[in-house]
Amino acid sequence: MEKNSKEVSDTSTEVRVRFAPSPTGFIHIGSLRTALFNLLFARHHGGKNILRIEDTDQSRKVEGAVENLIKNLSLLDINFDEGPLQGGDKGPYYQSERLDIYKKYCDDLVEKGAAYYAFDTPEELDEMRKLQQLEGRQTMYDRRARDLSEEEVRENIKSGKPYVIRLKVPLNEEVKFDDLIKGTIKIETNNIDDQILLKSDGFPTYHLANVVDDHLMNITHIIRGEEWVTSVPKHILLYKALGWDVPKMAHVPLILNKDKTKLSKRQGDVAVEDYLKKGYLKEALINFMALLGWNPGEGEEQEFFSMDELNKRFTIEKVQSSGAVFNIDKLNWMNNAYIKNFDLDKLTELSLPYFENTGIDTNDKEKTKKILSAIRVYLNKLDEIPEQLKIFTQDEVELENNNLKEILEAETSKTVFRALVEKFSALESLNPENYKLVLSEVQKETGIKGKQLFKPLRIALTGSENGPELPLIAEIFGKEKVTDLISKWI
RNA sequence: GGUCCCAUCGACUAGGGGUUAGGUCGUCACUCUUUCACAGUGAAAACACGGGUUCGAAUCCCGUUGGGACCGCCA
């Protein structure tokens with residue numbers, strides 16, 4: 001299809017999208033983007049954003065995962081109109097609480113001849129796959145239980161044999177659908193697996209639960225990761241068998257590692273929590289994620305977008321159809337840009353946890369703010385605060401290397417130091433303004449200027465040749481500390 | 001291996017028949033700042049390849065190559 005055909009064909013119905021994670025303990029950065037795109041799409045169209053928990057795999061249950069997920073999402077201002085927390089009239093929003101619903105539709109399917117019982121053991125299936133692999137064929141269910149007679153089925157059930165229910169994929173047909181991002185996708189049904197719909201533990205698989213819920217929850221647009229495209233045909237078959245309309249689909253391209261494989265744990269952090277912990281600001285994270293695979297287009301060169309702007313501008317047809325490498329350098333740059341421009345009071349508030357155990361008394365708000373304003377330009381993320389704090393917290397000035405000592409012990413340095421101590425001592429208190437005054441006076445009186453004037457002072461105060469602006473450091477240190485540190489070298 | 005998807009600087013991308021192929025990150029240089037950083041200016045840097053279609057193709061079509069996803073009683 002033409003990729004740009006209208007993303008909302010029927011404006012009379014309310015747009016309803018869902019984010020449907022399985023609660024495995026943490027939110028993957030890729031899921032975050034999917035959640036974001038869903039949210040933006042819903043907001044852009046004045047629709048509803050729904051959270052549904054896909055917890056049909058009992059073996060993967062993780063305690064507290066749902067709470068954690070919701071918490072982290074809301075930390076990033078990704079909120080829902082319906083879901084486990086806020087409820088809604090299409091609930092329950094946990095799939096594990098909807099078992100009887102799936103069972104019912106599954107029975108329907110069997111009755112209609114669109115699904116069938118299968119009694120194969122996992123071992124048998126394993127063997128089948130191994131054989132297929134050996135023969136270089138596609139590994140898929142060989143549909144061996146398709147034609148079991150009613151009698152056989154009844155017998156098997158009676159004798160207590162575990163069973164699953166599989167989708168009876170019609171043969172020799174073609175399934176076609178128009179993806180809002182990828183365009184038309186076609187696949188022959190002969191290549192589609194007779195997917196398991198109901199597991200032997202009575203739980204549905206993703207495919208069944210997903211289709212049933214999306215329909216029952218009136219989902220109009222399915223926006224999810226590209227890893228799902230290959231299962232869409234199965235879903236379409238299900239919709240058809242159930243006599244339901246197929247929602248519009250949009251498959252978002254993957255987020256990639258540097259080597260272009262699907263973003264994975266092995267190659268860096270993938271949990272949203274990790275980024276939050278490291279002190280990436282939510283604004284930066286959202287802004288960056290939005291731009292990974294989406295852009296406003298039309299020659300627009302703006303790169304900084306607030307959530308509000310994103311809501312206004314986001315359209316699904318501007319979503320890229322190819323995968324995007326997750327580039328931490330650019331995230332860092334963007335986060336640094338946000339840090340530099342952030343409201344200082346708010347930034348201080350956010351930074352407080354990172355000052356813990358650094359020896360800075362954060363009860364002194366003014367001082368903390370001053371320190372932060374001096375170092376924020378260096379910060380790619382908030383967890384870099386401690387390493388920037390060394391010059392403010394060290395009791396003894398530790399020289400970075402021995403060459404610095406020579407500079408301190410130079411005759412010109414001593415002259416400068418003597419003059420500085422005298423003048424600083426005479427001040428009531430030190431601030432950037434009178435600091436500058438004193439320095440120009442000293443320059444005049446001693447005739448020492450440039451590097452010879454500033455460098456020894458910086459080294460005496462910080463032990464390093466570079467760092468934040470000296471007037472700021474001097475003010476933060478205060479008169480006492482400054483004169484003490486200088487006096488040592490006279 | 002099978003099915004499906006994808007292809008513009010190293011990365012994110014704009015552009016979608018006629019452009020000196022634009023921007024951002026990163027890299028490099030210079031300027032500013034008597035430090036580093038910040039900021040500013042500039043530079044290097046791309047249409048995977050081959051065929052069509054067309055007066056004209058990065059743009060449309062086909063093929064090749066390359067990359068990726070999926071192939072579970074996981075989602």
Side-chain angles (χ1 to χ4, degrees), chain A residues 20-24 31 54-57 59-60 95 118 120-122 125-126 129 132-141 162-166 179 181-183 185-188 190-193 195-207 209-210 224-233 251 253-254 256 258-262 288 291-304 318 320-334 336-337 340 375-379 439 443 449-455 457-459 462 464-470:
Chain A
S22 60
T24 50
S31 309
E54 311 229 324
D55 55 350
T56 55
D57 185 359
S59 65
R60 295 220 288 180
Q95 289 189 327
D120 315 285
T121 64
L125 295 175
D126 245 22
R129 271 182 220 112
Q132 288 170 335
Q133 245 161 20
L134 224 64
E135 291 171 3
R137 286 184 293 142
Q138 178 170 13
T139 53
M140 65 186 271
Y141 185 60
Y163 65 86
V164 299
I165 291 181
R166 285 181 180 271
D179 189 275
I181 294 169
K182 306 236 167 233
I185 296 173
K186 283 183 251 182
I187 189 171
E188 290 185 16
N190 291 13
N191 289 319
I192 302 176
D193 209 352
Q195 190 64 47
I196 291 179
L197 302 177
L198 202 71
K199 301 183 249 183
S200 56
D201 64 2
F203 277 68
T205 58
Y206 170 84
H207 306 283
N210 199 263
R224 88 250 273 189
E226 188 183 342
E227 65 266 36
W228 293 110
V229 258
T230 44
S231 50
V232 173
H251 288 87
L254 265 12
L256 276 19
K258 245 193 165 68
D259 67 0
K260 305 251 182 193
T261 54
K262 188 167 144 185
F288 176 75
L291 256 25
L292 214 53
W294 173 86
N295 73 84
E298 286 160 17
E300 176 62 78
E301 282 172 7
Q302 180 182 345
E303 285 208 287
F304 289 92
K318 297 308 291 181
Q320 207 73 11
S321 55
S322 52
V325 172
F326 185 90
N327 185 196
I328 193 86
D329 285 336
K330 189 152 187 181
L331 205 214
N332 284 336
W333 163 79
M334 184 165 269
N336 172 259
K340 279 188 298 212
I375 63 169
R376 81 210 282 200
V377 72
Y378 295 98
L379 302 173
L439 258 97
Q443 181 181 139
K449 57 180 179 178
K451 275 186 186 169
Q452 287 189 311
L453 176 63
F454 290 85
K455 220 175 174 183
L457 179 53
R458 173 177 291 281
I459 296 168
T462 69
S464 170
E465 282 184 282
N466 40 43
E469 285 180 49
L470 235 21

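Proteins get letters first, then strands, A, B, ... in listed order; numbering begins at 1 in each. Just the heavy atoms: all of them, side chains too, but no hydrogens, waters or symmetry mates, feed the values below.
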J.: Rounding to the closest angstrom, what is the interatomic distance between B/C9 and B/A46 at atom C1'?
T.: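 About 4 Å, rounded to a whole number of Å.
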J.: Please give, in whole Å, the distance from B/A69 P to A/Ile185 CD1?
T.: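 These atoms are roughly 16 Å apart.
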J.: Starting at atom CZ of A/Phe454, determine the distance to atom P of B/U33, rounded to an integer number of angstrom.
T.: 12 Å
J.: For B/C5 and A/Thr230 - does any side-chain N or O of the residue sit under 4.0 Å from the phosphate oxygens OP1/OP2?
T.: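 So the side chain of A/Thr230 is outside the cut-off, no N or O lying under 4.0 Å from OP1 or OP2 of B/C5.
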J.: Using only side-chain N and O atoms of A/Arg129, determine if any of them is under 4.0 Å from OP1 or OP2 of B/G72.
T.: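 True: A/Arg129 side-chain N/O within range (under 4.0 Å) of B/G72 OP1/OP2.
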J.: Looking only at the side chain of A/Gln138 (C-beta and beyond, no hydrogens), which of the listed nucleotides B/G1, B/G26, B/C73 gets closest?
T.: B/G1
J.: Hey, does the side-chain of A/Gln443 have a donor or acceptor N/O within less than 3.5 Å of a partner on the base of B/U34?
T.: yes
J.: Who is the Watson-Crick or G-U wobble partner of B/U54, with both distances under 3.5 Å?
T.: none
J.: Within the pair A/Lys318 and B/G15, is there a side-chain N or O less than 4.0 Å away from OP1 or OP2?
T.: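 It does, given that an N or O in the side chain of A/Lys318 lies less than 4.0 Å from OP1 or OP2 of B/G15.
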J.: Counting only side-chain N and O atoms of A/Gln320, is one of them less than 4.0 Å from OP1 or OP2 of B/A14?
T.: yes
J.: Using Watson-Crick or G-U wobble geometry with both distances below 3.5 Å, tell me the partner of B/A7, or none.
T.: B/U65
J.: Tell me the interatomic distance from A/Tyr206, atom OH, to B/C70, atom P, rounded to whole angstroms.
T.: 13 Å
J.: Atom NZ of A/Lys340 and atom C1' of B/A39: how far apart are they, to the nearest Å?
T.: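 From A/Lys340 NZ to B/A39 C1': 8 Å.
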J.: NZ of A/Lys449: more than 12 outside heavy atoms within 6.0 angstrom?
T.: no
J.: Could you identify the nucleotide paired to B/C36, looking across every strand shown and requiring Watson-Crick or G-U wobble geometry with both distances under 3.5 Å?
T.: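 Partner of B/C36: none.
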J.: Of the nucleotides B/U35, B/A14, B/U34, which one has an atom closest to the side chain of A/Arg458?
T.: B/U35
J.: Looking only at the side chain of A/Glu469 (C-beta and beyond, no hydrogens), which of the listed nucleotides B/U35, B/A69, B/A75 gets closest?
T.: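 The listed nucleotide nearest to A/Glu469's side chain is B/U35.
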J.: When you get a sec, tell me which of B/C73, B/C25, B/C70 is the closest nucleotide to the side chain of A/Trp333?
T.: B/C25
J.: Check whether any side-chain N or O of A/Ser231 sits under 4.0 Å from OP1 or OP2 of B/C70, and answer yes or no.
T.: no
J.: Rounding to a whole Å, what distance do you find between A/Asp57:CG and B/C74:C1'?
T.: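 Nearest whole value for this atom pair: 5 Å.
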J.: Taking pairing as Watson-Crick or G-U wobble with both contacts under 3.5 Å, can you name the mate of B/U27, or confirm there isn't one?
T.: B/A43
J.: Do A/Ser200 and B/C73 share a donor-acceptor pair, side chain to base, under 3.5 Å?
T.: yes
J.: Does A/Lys330 get its side chain close enough to the base of B/U24, under 3.5 Å, for a donor-acceptor pair?
T.: yes
J.: OP1 or OP2 of B/C36 versus the side-chain N and O atoms of A/Lys455: is any pair under 4.0 Å?
T.: no
J.: Phosphate oxygens OP1/OP2 of B/A14: is one of them under 4.0 Å from a side-chain N or O of A/Asn295?
T.: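 Result: yes.
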J.: If we call it a pair only when both distances are under 3.5 Å in a Watson-Crick or G-U wobble match, what pairs with B/U19?
T.: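 By the stated definition (distances under 3.5 Å), nothing pairs with B/U19.
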J.: Let me know the distance between CE of A/Met334 and P of B/C25, rounded to the nearest Å.
T.: 10 Å
J.: Side chain of A/Arg60 only, please: which of B/C36, B/U34, B/C74 is the nearest?
T.: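 Closest of the options to the side chain of A/Arg60: B/C74.
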J.: Just one of A/Phe304, A/Phe326, A/Trp294 clears the ring-ring contact (aromatic ring centres under 6.0 Å, His included) bar with A/Phe288, so which one?
T.: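 That would be A/Phe326.
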J.: Under 4.0 Å from OP1 or OP2 of B/G66: is there any side-chain N or O of A/Lys260 that close?
T.: no
J.: With both distances under 3.5 Å as the test, what is the Watson-Crick or G-U wobble partner of B/G2?
T.: B/C70
J.: Is a donor-acceptor pair below 3.5 Å formed from side chain A/Tyr378 to base B/C36, judging by atom type as modelled?
T.: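 Flag set: donor-acceptor pair detected.
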J.: Over how many whole Å does the gap from A/Arg166 atom CZ to B/C71 atom P extend?
T.: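 Taking CZ of A/Arg166 and P of B/C71, I get 14 Å after rounding.
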J.: Please give, in whole Å, the distance from B/U24 P to A/Asn332 CG?
T.: 19 Å
J.: Taking atom P in both B/G67 and B/A58, what distance in whole Å separates the two?
T.: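 These two P atoms come out 25 Å apart once rounded.
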